[in-house]
Each structure stands twice: as structure tokens, then as C-alpha cells.
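Note sheet for the following structure.
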Amino acid sequence: MTQLAVDHAVAGFQPAGWGAALFRRPALLYLPALLFLGAFFLIPLGLIAWMSFTEPTAGLGNYLAFFESGRSLRILLNTVLTAAIVTVCALALAYPVAYVAATKPGTYANILLLVVALSFWTNFLVRTYAWMVIFSNGGPAHSLLAFLGWSPPPRLLYTSFASTLAMVQMLAPLMVFMLYAVMRRIDQALLRAAGSLGATPARAFVTVFLPLSTPGVINGVTLVFITCMGFYVTPILIGSPRDMMISGLIAEQLEQLVDFGGASASSVILLVFTLALFSIYSSIFDIEKIWTR
Amino acid sequence: MNGPYLELAGASKSYDGGATQAMDIPSLTIAKGEFVSLLGPSGSGKTTTLMAIAGFLKIDKGKILLNGRSLETVPPHKRNIGVVFQNYALFPHLTVEENVFYPLRMRGETRSAAQSKIDRALDMVGLSGAAGRHPRQLSGGQQQRVALARTLVFNPDLILLDEPLGALDKNLREHMQVELRKIHRDLGVTMIYVTHDQTEAMTMSDRIAVFTNGRIDQIGTPDQIYHRPATRFVASFVGDSNILSGTAIGEDRLEVDGLGQMPLTNPSLTGGQTFDVLIRPEIIKLRPAGQGTTGHDAVIEDSINYGESHLVLLRVGDRSLRARMLSTDMKHLRPGDKCRAEWDPAYVHLIG
Amino acid sequence: MPARILAFITANFLFWPTLIVVPMSFSSAASLQFPPPGYWLGYYQAFFTSPNWTGPLFNSLTIALMTTVMTLILATPAAFALVRLSFFGKRAFRLLTLMPLLVPHIVLALAYYIYFGEIGLLQTRLAVSLAHVCLTIPIAVLILTAALQSFDTNLERAAASLGANPLASFRTVTLPVMMPAFLVAAFFTFINSFDESVIGLFISGRDAATLPRQMFNSFSMDADPVIAAASSILFGAVLACVGAVAAARLVKSRFGASRSPV
């Protein structure tokens with residue numbers, strides 16, 4: 001830290017330049033975003049919260065209906081379970097990639113990051129479509145099973161297996177980036193130090209690297225789990241209609257039943273669940289750090 | 001010395017509702033053409049003072065006058081004060097030449113009209129060949145020169161330098177010290193130089209202001225600061241020192257804690273007065289034990305070789321003293337040896 | 001090294017499945033038949049000529065462009081306020097700017113369906129843009145605040161000491177130095193809006209249909225094989241972008257290092 005930076009931190013200098021001119025009127029800077037998010041984010045969310053209690057009749061009816069219905073409870077359970085499976089699988093797949101990319105720089109690491117980036121940036125719908133082709137009857141996966149002697153091969157498209165696998169493939173890149181962001185800041189000298197102190201590479205990994213990478217694991221797990229809980233496109237397009245996720249239920253209530261109250265209640269339940277998870281996370285970590293390098 | 005050119009009067013700044021005193025300067029005057037260092041440990045208020053003069057920081061109370069004009073209502077960009085920052089603050093998107101042109105551009109000059117000034121400034125810092133490069137393509141020392149040229153080019157009334165050499169390695173730093181002095185001499189511009197490096201302050205400055213806890217403990221020439229420190233802090237911060245406590249017994253004698261009585265050559269003391277007694281390590285002379293009876297019995301506990309000199313750690317009675325000996329004088333002295341330690345009372349300084 | 005082998009497996013799992021859309025797009029069969037019975041370019045032609053596809057493509061590009069402009073206009077001052085200033089409720093404001101990242105898109109889709117229905121904006125490009133701006137404000141704010149935090153404020157001090165007034169200092173120093181961050185923020189915003197499927201699916205309707213909505217509809221109906229061409233084009237665009245960035249990095253690392261200081 002430079003001397004000036006130290007003094008700056010201690011003394012809290014006023015900003016020079018442009019900031020100084022607006023120093024006394026910060027509202028000019030933050031008010032536009034505040035008003036916009038108020039009008040187009042908070043009010044719409046408030047609206048569905050309101051509707052969940054008032055539509056079609058005032059009261060807790062929509063919530064009682066949700067929690068008294070075996071089907072919606074099963075859907076909620078299935079959503080959490082699917083999200084958990086996807087998160088664990090994505091973590092298992094992503095960890096070695098992030099580890100190699102962060103600790104063994106070179107061509108191989110660069111190629112890994114390139115593949116992950118390519119996958120990350122490819123539209124969810126494109127990737128969902130690719131899985132549709134793979135799992136379709138007569139498609140590659142189907143033919144492979146037949147070739148291996150499974151005859152007739154089971155149906156793959158429109159199963160939970162298909163949508164879970166596809167979601168793992170779609171969310172693993174996100175997990176890699178979350179892990180990589182933390183891992184690349186781990187000082188490699190620590191591993192060499194552990195080695196010089198008598199740890200085998202495996203023990204050095206378990207006793208030094210693994211604990212230091214846990215913030216990345218927690219970031220990744222939280223974000224992937226939350227994203228997966230609200231996933232709509234993939235389970236709808238290639239998942240089993242019987243093992244619906246809560247996003248599917250919301251769409252069904254909206255589009256087929258035109259039950260705004262019920263859809264709103266389901267949404268509020270999903271939202272509360274998500275925010276609760278996140279507040280647990282943020283009680284341990286600084287909220288903003290999850291997305292920043 | 002000329003009359004005051006820059007003047008700080010009762011200037012103070014505090015934070016957290018007065019809980020943290022960042023800067024409190026009853027009076028500081030600097031003459032035109034002077035090179036003054038603000039020396040002190042980090043957090044002592046020297047950078048705060050610099051930033052207040054530059055106008056990046058509003059003082060709570062007091063006045064800052066430049067050439068008789070109060071700076072209170074003058075925004076930084078109208079003060080005509082050049083600042084060289086520790087990290088250089090070169091504009092990364094501009095070339096060296098465009099960086100140096102920047103202050104002239106802000107003053108409405110055209111590039112063609114300014115070209116000769118730019119060339120002269122770059123020439124002065126020895127960087128004429130790098131005009132078209134970008135700052136990131138330059139070494140730290142070169143970036144430092146660009147920052148200097150950018151400041152010199154608009155003839156500021158005053159140049160403030162905030163630890164400008166802090167990021168350079170030792171040899172380059174010494175080289176730049178000499179160059180800075182030369183530029184200061186050639187241009188006669190007033191410079192205020194913030195540093196925590198006492199050697200740098202000693203070698204470069206006309207005067208040094210020693211800062212601690214937001215205040216100036218002493219301001220004076222390097223000789224005054226070194227040989228006549230006004231406070232115990234100055235004595236210990238500037239140079240190597242032995243500081244003992246002593247009590248006057250009569251007009252010209254001192255009872256020094258642990259060392260016994262000591263004659264003095266600057267008399268007119270009042271008995272019972274207490275002092276901090278400063279004995280610089282280099283005034284101590286050592287003789288092998290048994291040669292003469294003056295001085296104090298001492299044992300050499302350790303000796304650290306600095307090449308041209310040795311730092312000798314002595315035990316005198318139950319006191320530890322540091323002595324600085326030329327290597328040539330250390331031929332016959334080894335750790336463990338007994339010896340006699342002696343010094344000229346004229347060089348002993350009392351802080352009281 | 002087992003980590004390398006595991007990483008290799010994951011990389012293959014991430015890479016190859018998506019690639020299947022490319023042979024499909026040249027297929028002469030009008031269904032999900034793999035491997036295709038024959039190859040032709042007809043679907044690409046259809047993608048660029050059929051109003052069923054050119055309309056949504058145009059809509060998506062327009063919406064993404066509007067979203068990018070609005071997001072930058074709103075997020076830039078917000079990021080400056082968050083990094084440079086202190087004001088009452090700053091923590092709450094920061095949380096609010098990040099909140100949209102947490103809300104599941106299906107929830108927002110429902111909320112916007114009802115809200116824009118109420119105010120009569122449903123099925124317009126403007127409505128989709130407004131919704132997308134909410135989603136992308138957090139992204140732009142995160143990128144810009146990170147850049148502003150690493151922005152050396154001494155540059156602005158230096159500009160001031162050299163005679164630049166606050167406006168000149170912003171124009172000649174802050175803006176150009178921050179330009180890469182603005183470009184990155186704009187790029188991320190654009191892509192996020194262009195790719196967003198769920199909200200677009202529910203609120204864009206027939207008139208303002210986004211490309212993802214059109215793609216989704218052709219999946220569910222399993223009728224329009226142009227989807228394979230559309231997917232390949234999107235995949236190819238990503239491949240080109242990622243490849244270009246990687247190539248730029250490679251060039252920089254190979255040749256940038258040799259430009260060492262003299």
C-alpha cells in the first residue's frame with residue numbers, strides 16, 4: 001500500500017475531480033437507478049406478493065392450497081432435490097477443472113478455460129436443444145444403449161435423468177468460474193511450504209489447498225443451487241412432466257389455469273426460499289463478494 | 001532567507017469529530033526557492049499537509065497562503081501547484097508526450113505552440129527519446145522522470161513531491177536524488193518533498209520538518225535536526241542514537257543515569273534540571289583497556305560489519321550503548337574485549 | 001496426474017454435446033434425426049429469410065441494444081455513487097442494485113406478465129427491455145464498481161494539479177481510463193439481454209417475440225427445423241467471440257512481453 005493510500009484510507013479524503021462536484025448531491029447519481037428499480041423491479045415483485053394474498057379472494061387461501069396439496073409439496077421437494085443433485089454433480093465435475101486451470105498454468109489450463117468459457121456463453125436454449133437431439137428416440141444416446149445390447153432401449157427424452165444431466169452440463173461452467181476465482185488467488189508457495197514441512201502432495205492438497213478453496217466452493221454451491229431452483233427452460237423442454245419443478249408449476253398455473261393468485265403464491269414461496277438460502281449465505285459472507293473476483 | 005512564500009497558519013484537520021488529529025500546524029513558512037522535506041513515519045500527517053497545500057483536502061481551521069494569497073477558495077486546478085505522486089499517476093491512455101502536454105492543453109495552448117516547451121521538459125529529465133511511448137512501456141525510473149517533466153512543463157509556483165522515489169531501488173533512488181537537486185538548483189523552483197526516509201531528507205533538503213502525530217516537532221537545517229534535535233522523537237527518528245536520562249548537578253556537570261558524572265562544555269545549567277542526553281554513536285571513541293584512565297570502562301558485546309564502518313554494541317555499567325567505528329579503527333577490538341569508551345562533551349546534546 | 005484426467009473428462013462433457021447442433025443444422029431431415037440422412041443449407045437460408053426468424057432476431061437485437069443503452073445510463077452514475085460517495089442508505093441501495101440477480105427468472109416473468117399487463121405495455125419491445133435492464137443493472141454495476149475501485153484516484157488529483165477543472169478531468173482522464181470497463185459492461189449487458197429466455201418467453205408475445213422465444217416455441221412444437229441453424233449460428237457467434245478474446249490474449253502474451261522497458 002502506498003503512503004498516500006494509507007493516508008487516504010485513514011483520512012477519507014474527499015474525491016477530487018468529477019466526484020467532488022457531486023459530493024454534496026449524491027442523490028443525482030443514485031436516484032435514477034433507485035427510481036428505475038423501484039418502478040420496474042420492486043413494484044412488480046410487490047404486485048405478485050399482493051396478488052398471492054388477494055386473488056381471487058383475500059386471505060391465505062393460495063398458500064393453504066399450496067401446502068395442502070400433495071402434488072405441489074412433491075414439486076417443491078423435487079425442486080430442492082434436483083437442485084441439490086445438480087449442485088453436487090456440478091461441483092464434482094468443476095473442481096478438477098478449476099484446480100488444474102488455477103494451479104497448473106499453461107496451454108492445457110488455457111484450453112480448459114476456453115472450453116468452459118465457450119460452454120458458459122452458449123445460450124441455454126442452444127444447449128438444451130443439443131441435449132434434446134442426443135436423448136431423442138433414435139438419437140446418439142439411444143443408439144449407444146441399443147448397441148450395448150439394451151433392447152429395446154429405454155426412453156431418455158422427457159425424463160428427470162435427461163434434464164438433470166443437461167442442467168449439470170449447463171451449470172458446471174458457472175461453478176468452474178466461481179471456484180477458479182478463489183483458487184487462482186491461493187499462493188502456490190503455500191503448497192511448496194507444506195511439502196517442505198513434510199506433507200505429501202496429496203496431504204498438502206487436503207490440508208492446505210482444500211480448506212483455502214472453500215470460499216469458492218460455498219460461492220459456487222450457493223449460486224448454482226439458487227439458479228437451478230429457478231430453472232425453467234430445461235426441465236420444461238426435456239424433463240419429465242410428472243417430475244415437474246416449481247418453475248414448471250408456476251408456468252402451468254399462469255398459462256393453463258390462469259390462476260394468478262396461485263402462480264403468485266408459488267412464486268413467493270420460491271422467492272422466499274431463495275432469499276432465505278441467500279441470507280444464510282450472506283450471514284457468513286459478504287453478499288457482494290459472491291460475484292466479484 | 002527571503003520572506004515567507006508559502007505560509008501555513010493554524011492549519012488543522014481532524015477526523016471522527018475531532019477524535020483523530022490528522023494535522024495541526026500552528027505555523028510553517030517556506031521561502032521562495034527553498035527545498036523543504038516533510039519527514040516522518042507513516043500516518044504522521046506529512047502527506048495530509050501536502051494534500052492540504054495541493055487543495056485535495058479541505059482544512060478545518062487556519063490558513064494556507066501562497067505568495068500572500070489565501071488558497072482557501074482556490075480549487076486545486078487553479079492553484080498552479082505541481083504535484084508528483086508516489087505512484088506517478090501518469091495517464092495510462094496518453095503517450096509520454098501527451099502526458100507532458102496535458103497541463104498546457106488545460107491552459108488552452110495548442111500542441112504546435114507547446115511543442116518546444118514539451119521538448120525542453122523532456123530534455124531536462126533526459127527522456128527525449130521516449131516521447132511517443134506509453135507509460136506502461138517505461139521503467140519505474142523513467143515513469144518518475146515523466147511525472148517530473150509533466151510538472152515542470154507548466155512552471156508551477158510550487159512543486160509538491162509525495163515520496164516520489166519510494167518505489168525505486170536503492171541505486172536508482174540515489175541517482176534521482178542527485179538529479180532532483182540539480183533540477184531544483186537550475187530552476188530555483190520551490191519544492192516540498194514528503195518522505196519517510198531520513199537519509200533522503202538529509203541529503204536533499206535546505207530544511208527539514210519532522211512530523212509526528214500530525215504535528216511538526218522541529219523544523220531546521222539538516223545539521224540542526226541531526227545535531228540539535230529539539231525532541232526525543234526527532235533524536236531517535238533521525239540517525240542512530242543513544243538517548244539516556246540525566247540530571248544537572250551544578251552549572252557544567254551532569255549525572256547521567258547508569259554512567260556516572262559527565263562534564264559538559266555548554267554550561268549554565270541549573271542543578272536538579274532533568275534532560276534527555278543524546279550521544280550520537282559516531283562521537284564515541286574506543287581504546288583498548290589499560291590505555292589511559294579517562295572515559296568509561298566498557299565491554300564489547302557485539303560488532304556488526306557495515307564495510308566502511310562497524311556498529312559496536314557496548315556495555316557500560318548496566319547500560320547498552322551503540323558506537324560507530326571506522327573499520328580501520330576496529331583492527332584490535334573483538335567482541336568480548338574490555339575497552340575504554342570516551343567522547344568529546346562538546347558533541348553531547350541535551351534535550352530538555 | 002488424476003486432476004488433469006478428471007478435468008479432461010469434464011471438458012469433454014462440456015464441449016462435445018453442444019457441438020451436435022452443427023451437423024443437425026445441415027440435416028436434410030425435418031426432425032431430430034441423428035445422424036442426419038443427408039445435408040443441405042436450406043435451414044440457414046430459411047433463418048435469414050423467413051419472417052418467423054428474422055422478426056425475432058431483429059426484435060432481440062433491438063431489445064438488447066435498448067437495454068444496453070439504458071443500463072449504462074443508469075448503472076454508471078450508480079457505480080460512481082457506490083464507490084466514490086457516502087450517503088444515507090448506501091448499503092440498502094447496494095443490496096437493491098444486486099437483488100435482481102437473486103430473483104428466479106420465472107418469478108420475474110410472472111411479475112412482469114401481471115405488471116406490464118396492468119400498465120398496458122405487455123408484448124412490446126419496450127417492456128422486454130425494461131425487464132432486461134433490471135436484470136443487467138447488477139451486472140453492469142458489479143463490473144463498473146470493480147473497475148472504479150481499482151481506478152487510481154491520484155489520476156484525477158494529478159489532472160487537477162495540472163490545471164484540469166472537474167469536468168475536463170472527467171472527460172480527459174476518468175472516461176478514457178474507464179473505457180475498457182464500459183465496453184465490457186456494455187458487452188455483458190448486451191449478451192445477457194440477447195440470451196435471456198424466460199422473461200422474454202412470457203412477456204414478449206407474438207409482436208415483440210424475442211429470438212429465444214421463437215426457439216423455445218419451435219422446440220415445443222418440434223416442427224421447425226430451422227432451430228438447428230439458429231442454434232448453430234448462436235453457437236458459432238460465441239465460438240468466434242471466445243476465440244477472438246483467446247487469440248488476443250495469446251498475441252498479447254507472446255508479443256506484449258517483448259516490449260519490455262529499455
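We use all heavy atoms of the structure for the numbers below, so side chains are in, but hydrogens, waters and symmetry mates are not. So that the names make sense, note that chain A is the first sequence line, chain B the second, and so on, each numbered from 1.
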Minimum heavy-atom distance between Pro105(A) and Ala109(A), given as atom pair plus value: CA-CB, 4.0 Å
Heavy-atom pair with the smallest gap, counting every atom of Cys228(A) and Met245(A):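 Looking at all heavy atoms of both residues, the closest pair is O-CE, 3.3 Å.
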With chain A as the partner, which of [options] has the greatest number of non-hydrogen pairs under 4.5 Å?
options	answer
Ala159(C), Ala237(C), Ser197(C)	Ser197(C)
Leu130(C), Asp152(C), Leu234(C), Ile191(C)	Leu130(C)
Val242(C), Val198(C), Thr97(C), Leu110(C)	Leu110(C)
Ala109(C), Pro100(C), Ala230(C)	Pro100(C)
Gly243(C), Ala228(C), Ser232(C)	Ala228(C)
Phe116(C), Phe88(C), Phe202(C)	Phe202(C)

Any heavy-atom pair between the side chains of Leu249(A) and Ser266(A) that's under 4.5 Å? yes
Heavy-atom proximity to chain C below 4.5 Å, by part of [X]:
X	value
Thr274(A)	side chain
Leu47(A)	side chain
Ile246(A)	neither
Leu254(A)	side chain
Leu275(A)	side chain
Leu114(A)	both
Leu277(A)	neither
Glu255(A)	side chain
Ala98(A)	neither
Met51(A)	side chain

In terms of heavy-atom pairs under 4.5 Å with chain C, which of [options] leads?
options	result
Ser267(A), Ala130(A), Pro44(A)	Pro44(A)
Gly230(A), Ala117(A), Pro140(A), Ala101(A)	Pro140(A)
Phe120(A), Tyr95(A), Phe231(A), Tyr108(A)	Tyr108(A)
Asn123(A), Ile48(A), Val97(A)	Asn123(A)
Trp131(A), Phe205(A), Phe260(A), Tyr232(A)	Tyr232(A)
Leu125(A), Val115(A), Thr128(A)	Leu125(A)

[X] (side chain) donor-acceptor with [Y] (main chain) under 3.5 angstrom:
X	Y	result
Asn154(C)	Arg157(C)	no
Ser213(A)	Leu210(A)	yes
Gln214(C)	Asn217(C)	no
Arg127(A)	Thr122(A)	yes
Thr79(A)	Met229(A)	no
Lys90(C)	Leu82(C)	yes
Arg4(C)	Val100(A)	no

If I measure from the heavy atoms of chain A, does [X] come under 4.5 Å with its side chain, its backbone, both, or neither?
X	value
Ile73(C)	neither
Leu108(C)	side chain
Glu118(C)	side chain
Ile137(C)	side chain

Per-pair distances, 0.1 Å, donor-acceptor, side chain in residues 28-39 of chain A, under 3.5 Å, sequence neighbours excluded:
none

Starting from the C-alpha separation in whole Å, work towards a yes-or-no answer on side chain to side chain donor-acceptor pair (under 3.5 Å) for Ser264(A) and Glu55(A). CA-CA 9 Å; Ser264(A) 297; Glu55(A) 194 74 20; over 6 Å; no
Aromatic centroids of Tyr115(C) and Tyr112(C) separated by under 6.0 Å: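 When the ring centroids of Tyr112(C) and Tyr115(C) are compared, they turn out to be at least 6.0 Å apart.
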Verify the ring-centre separation between Phe188(C) and Trp121(A): is it less than 6.0 angstrom?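 Distance test on ring centres: under 6.0 Å, yes.
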Residues 5-22 of chain C side chain polar contacts: donor-acceptor under 3.5 Å, at least two apart:
unit_1: Thr10(C); atom_1: OG1; unit_2: Leu93(A); atom_2: O; d: 2.8
unit_1: Thr10(C); atom_1: OG1; unit_2: Leu6(C); atom_2: O; d: 3.2
unit_1: Asn12(C); atom_1: OD1; unit_2: Trp16(C); atom_2: NE1; d: 2.8
unit_1: Asn12(C); atom_1: ND2; unit_2: Phe8(C); atom_2: O; d: 2.8
unit_1: Thr18(C); atom_1: OG1; unit_2: Gln169(A); atom_2: NE2; d: 3.3

